[in-house]
Q: 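Once you've had a glance at the structure underneath, I'll fire off some questions.
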Amino acid sequence: KKLSFLKFLRLDFSFCDSFPEAGFQVFRQSLKGLCYLQDVRLSLGEHKVANKCLQSVVGCLKRLVSLRNLCLRFSHCNQITDADLDIMSKNLKKFLSLNSLSLDFSSCHKITDRGLQHLSESFKRLIYLQKIALEFNYCQKITDVALEKLTEAFEEHMFLKEIWLN
């Protein structure tokens, strides 16, 4: 309760050898009380259960109506699939006031064009985005077709000033 007015949250679990399921539940519970968060940055690179965390964290972030900036880094999380990106995209659609979005899925080898298509659909709803950064380095199952669909998703964004695709 003491942190209920917290506006900025940055957590980096990139080099943790393990993060038990119970830890995710505690993390998720603590986020519920932080309804004034405006800026969230979470890194879980190389985490073995990152797909469960991705679903859990994005699911509870949807309650944050004040969220303006979101940065999620899941690089080298080989467990993340297109289905996980589908769940993420359904939740991202709810962040209508989001100004800045950064997603890093570098070296997430299970992601394909289908996963990127799911994300593209959610980006169409984020009309107030001013900046977006997407990293899919070494995601060898993503083709130019998916990247073309992704860029089409941003064509009608009036406020978008910066796109960074890697």
Side-chain angles (χ1 to χ4, degrees), residues 6-16 31 34 37-47 50-51 53-166:
L6 190 69
K7 291 185 179 185
F8 303 97
L9 178 65
R10 288 176 176 82
L11 299 170
D12 189 343
F13 300 112
S14 296
F15 297 102
C16 295
L31 279 179
L34 302 177
L37 277 175
Q38 294 177 3
D39 189 309
V40 174
R41 296 170 192 264
L42 176 64
S43 279
L44 281 165
E46 299 187 35
H47 208 279
N51 60 338
C53 182
L54 184 146
Q55 294 172 12
S56 182
V57 169
V58 172
C60 65
L61 287 176
K62 67 185 175 187
R63 296 178 187 90
L64 304 177
V65 294
S66 300
L67 194 63
R68 300 290 181 262
N69 303 304
L70 179 60
C71 176
L72 300 173
R73 303 184 63 80
F74 294 98
S75 62
H76 297 88
C77 294
N78 293 322
Q79 303 301 318
I80 293 178
T81 65
D82 293 339
D84 297 315
L85 294 188
D86 184 33
I87 292 167
M88 173 183 259
S89 70
K90 288 175 182 168
N91 287 301
L92 280 175
K93 290 177 185 179
K94 299 170 183 169
F95 297 126
L96 299 178
S97 59
L98 203 60
N99 297 120
S100 176
L101 177 63
S102 178
L103 302 173
D104 183 355
F105 293 103
S106 298
S107 296
C108 294
H109 301 294
K110 293 183 180 180
I111 296 175
T112 69
D113 286 357
R114 177 175 230 110
L116 211 53
Q117 182 179 350
H118 294 308
L119 287 177
S120 296
E121 290 301 314
S122 68
F123 296 155
K124 290 177 184 177
R125 302 270 319 263
L126 303 176
I127 59 172
Y128 294 107
L129 268 182
Q130 295 177 19
K131 176 184 176 183
I132 186 158
L134 302 171
E135 293 189 54
F136 291 96
N137 295 319
Y138 306 107
C139 293
Q140 298 165 342
K141 295 179 182 176
I142 294 176
T143 68
D144 291 343
V145 174
L147 294 174
E148 185 176 317
K149 293 280 186 194
L150 183 64
T151 56
E152 288 173 8
F154 299 119
E155 287 180 353
E156 296 185 29
H157 280 71
M158 297 185 322
F159 301 105
L160 196 59
K161 296 176 183 165
E162 188 176 338
I163 300 174
W164 190 67
L165 298 174
N166 198 2

Q: Are the side chains of Leu6 and Leu37 in touch, meaning some heavy atoms are under 4.5 Å apart?
A: yes
Q: Are side-chain heavy atoms of Lys94 and Asn91 found at a separation under 4.5 Å?
A: yes
Q: Are the side chain of His109 and the backbone of Lys141 linked by a donor-acceptor contact shorter than 3.5 Å?
A: no
Q: Around atom CD of Gln130, are there more than 12 heavy atoms from other residues, nucleotides or ligands closer than 6.0 Å?
A: yes
Q: Of Leu165, Asn166, Leu116, Ile163, which meets side-chain contact (heavy atoms from CB on, under 4.5 Å) against Leu134?
A: Leu165
Q: Any side-chain heavy-atom pair from Lys131 and Lys161 closer than 4.5 angstrom?
A: no
Q: Testing the basics here: between Met88 and Phe74, what is the closest heavy-atom pair and its distance to 0.1 Å?
A: CE-CE1, 4.4 Å
Q: Give the minimum heavy-atom separation between Ala153 and Ser120, together with the two atoms involved.
A: CB-O, 3.4 Å
Q: A side-chain contact here means heavy atoms from C-beta on lying under 4.5 Å apart; do Ile132 and His157 qualify?
A: no
Q: Determine the minimum heavy-atom distance between Ser107 and Cys139, stating which atoms define it.
A: N-SG, 4.0 Å
Q: So do Leu101 and Phe123 actually touch side chain to side chain, heavy atoms under 4.5 Å?
A: yes
Q: So, Arg68 and Ser100: side-chain donor and acceptor under 3.5 Å apart, yes or no?
A: no
Q: Identify the two heavy atoms, one from Ile127 and one from Phe159, that lie closest to each other, and give their separation to 0.1 Å.
A: O-CD1, 3.4 Å
Q: Are the side chains of Ile80 and Ile111 in contact, using a 4.5 Å heavy-atom criterion?
A: yes
Q: Which pair of non-hydrogen atoms, one from Ala146 and one from Asp113, has the smallest distance, and what is that distance?
A: CB-OD1, 3.3 Å
Q: If I take atom NE2 from residue His118 and atom OG1 from residue Thr112, how far apart are they, to the nearest 0.5 angstrom?
A: 7.5 Å
Q: Are the side chains of Arg114 and Leu85 in contact, using a 4.5 Å heavy-atom criterion?
A: no
Q: Compare every heavy atom of Leu92 with every heavy atom of Leu103, then report the nearest pair and how far apart it is.
A: CD1-CD1, 4.3 Å
Q: Any heavy-atom pair between the side chains of Arg125 and Lys93 that's under 4.5 Å?
A: yes
Q: Working to the nearest 0.5 angstrom, can you tell me the gap between Lys7 NZ and Leu67 CG?
A: 13.0 Å
Q: Show your reasoning for whether side chain to side chain contact (heavy atoms under 4.5 Å, CB included) applies to Phe105 and Asp84.
A: CA-CA 12 Å; Phe105 293 103; Asp84 297 315; over 6 Å; no
Q: Would you compute the distance between atom CG of Asn99 and atom CG of Leu126 and round it to the nearest 0.5 angstrom?
A: 10.5 Å
Q: To the nearest 0.5 Å, how far apart are CD in Glu121 and CG in Leu119?
A: 10.0 Å
Q: Rounded to the nearest 0.5 Å, what's the gap from CG on Asp39 to CZ on Arg10? Could you check?
A: 4.5 Å
Q: For Ser106, what residues pass the side-chain contact (heavy atoms from CB on, under 4.5 Å) criterion, not counting sequence neighbours?
A: Ser75, Asp104, Glu135, Asn137
